[in-house]
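Input: a single structure, listed below in structure tokens.
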Amino acid sequence: REVRDGELQPSCAQAGPSNTLVFGNLMDPESRVAQLVANQRHYVLMGDLGTEPAVTYLKKVDPHAADAPSAH
């Protein structure tokens, strides 16, 4: 049978606090990891070099960024 989303997790994802690491199938648009990368906060290291990395990072959201005065 096919493994369901979230059914298997590597130990680093299990041990991490508050779902810091998310493991899943990026090819499945319904998976949690694919939904996380669907927003514009994701990036990959050296992806512009054509390395096609398997790890994707999400930029930190600053809840006070909208309150800060513009630098322009």
Side-chain angles (χ1 to χ4, degrees):
R1 73 173 172 81
E2 193 170 313
V3 177
R4 291 185 295 268
D5 186 41
E7 187 174 14
L8 296 176
Q9 295 293 314
S11 59
C12 58
Q14 290 176 7
S18 65
N19 296 317
T20 304
L21 300 173
V22 179
F23 179 80
N25 182 359
L26 283 173
M27 304 305 286
D28 176 7
E30 300 298 318
S31 71
R32 180 166 180 250
V33 70
Q35 291 173 6
L36 286 169
V37 228
N39 70 47
Q40 298 303 312
R41 294 185 326 144
H42 81 280
Y43 66 97
V44 293
L45 294 180
M46 295 191 268
D48 55 333
L49 299 177
T51 57
E52 299 183 21
V55 176
T56 301
Y57 299 90
L58 296 178
K59 296 175 189 172
K60 181 179 178 181
V61 175
D62 183 357
H64 306 292
D67 298 336
S70 176
H72 300 166

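Every heavy atom of this structure was used, including side-chain atoms; hydrogens, water molecules and symmetry mates were not. Everything numeric in this text was worked out from a predicted model, so none of it was measured.
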Is a side-chain donor or acceptor of S31 paired with a backbone partner of N25 at a separation under 3.5 angstrom?
->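 It does hold such a pair.
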Can you sort out the partners of A13 under side-chain contact (heavy atoms from CB on, under 4.5 Å), two or more places apart, ordered by chain and number?
->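 A13 satisfies side-chain contact (heavy atoms from CB on, under 4.5 Å) with Q9, P10, L21 once adjacent residues are dropped.
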All side-chain contact (heavy atoms from CB on, under 4.5 Å) counterparts of P29, not counting sequence neighbours | none
Residues two or more places apart in sequence or in another chain: which of them pass ring-ring contact (aromatic ring centres under 6.0 Å, His included) with F23?
-> none
Please go through L8's hydrophobic cluster and name the other residues, only I, L, V, M, F, W, Y counting, with side-chain heavy atoms under 4.5 Å joining them.
-> V3
The remaining residues in the hydrophobic cluster of M27, counting side-chain heavy-atom contacts under 4.5 Å among Ile, Leu, Val, Met, Phe, Trp and Tyr, are none
Indicate, with yes or no, if V44 and L58 share a hydrophobic cluster defined by side-chain heavy-atom contacts under 4.5 Å among Ile, Leu, Val, Met, Phe, Trp and Tyr.
-> no
May I have the step-by-step check of side-chain contact (heavy atoms from CB on, under 4.5 Å) for V37 and L26, ending in yes or no?
-> CA-CA 8 Å; V37 228; L26 283 173; 3.2 Å; yes
Scan for salt bridge (Lys or Arg N to Asp or Glu O under 4.0 Å) pairs involving residues 3-31, sequence neighbours excluded, and state none if there are none.
-> R1-E7, R4-E7
Does anything in residues 41-60 pair up under ring-ring contact (aromatic ring centres under 6.0 Å, His included), and if so which pairs, sequence neighbours excluded?
->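 Counting only pairs at least two positions apart or across chains, the ring-ring contact (aromatic ring centres under 6.0 Å, His included) contacts touching residues 41-60 are Y43-Y57.
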Distance-only donor-acceptor pairs under 3.5 Å for side chains of residues 46-56, two or more places apart:
residue, atom, partner, partner atom, Å
T51, OG1, M46, O, 3.1

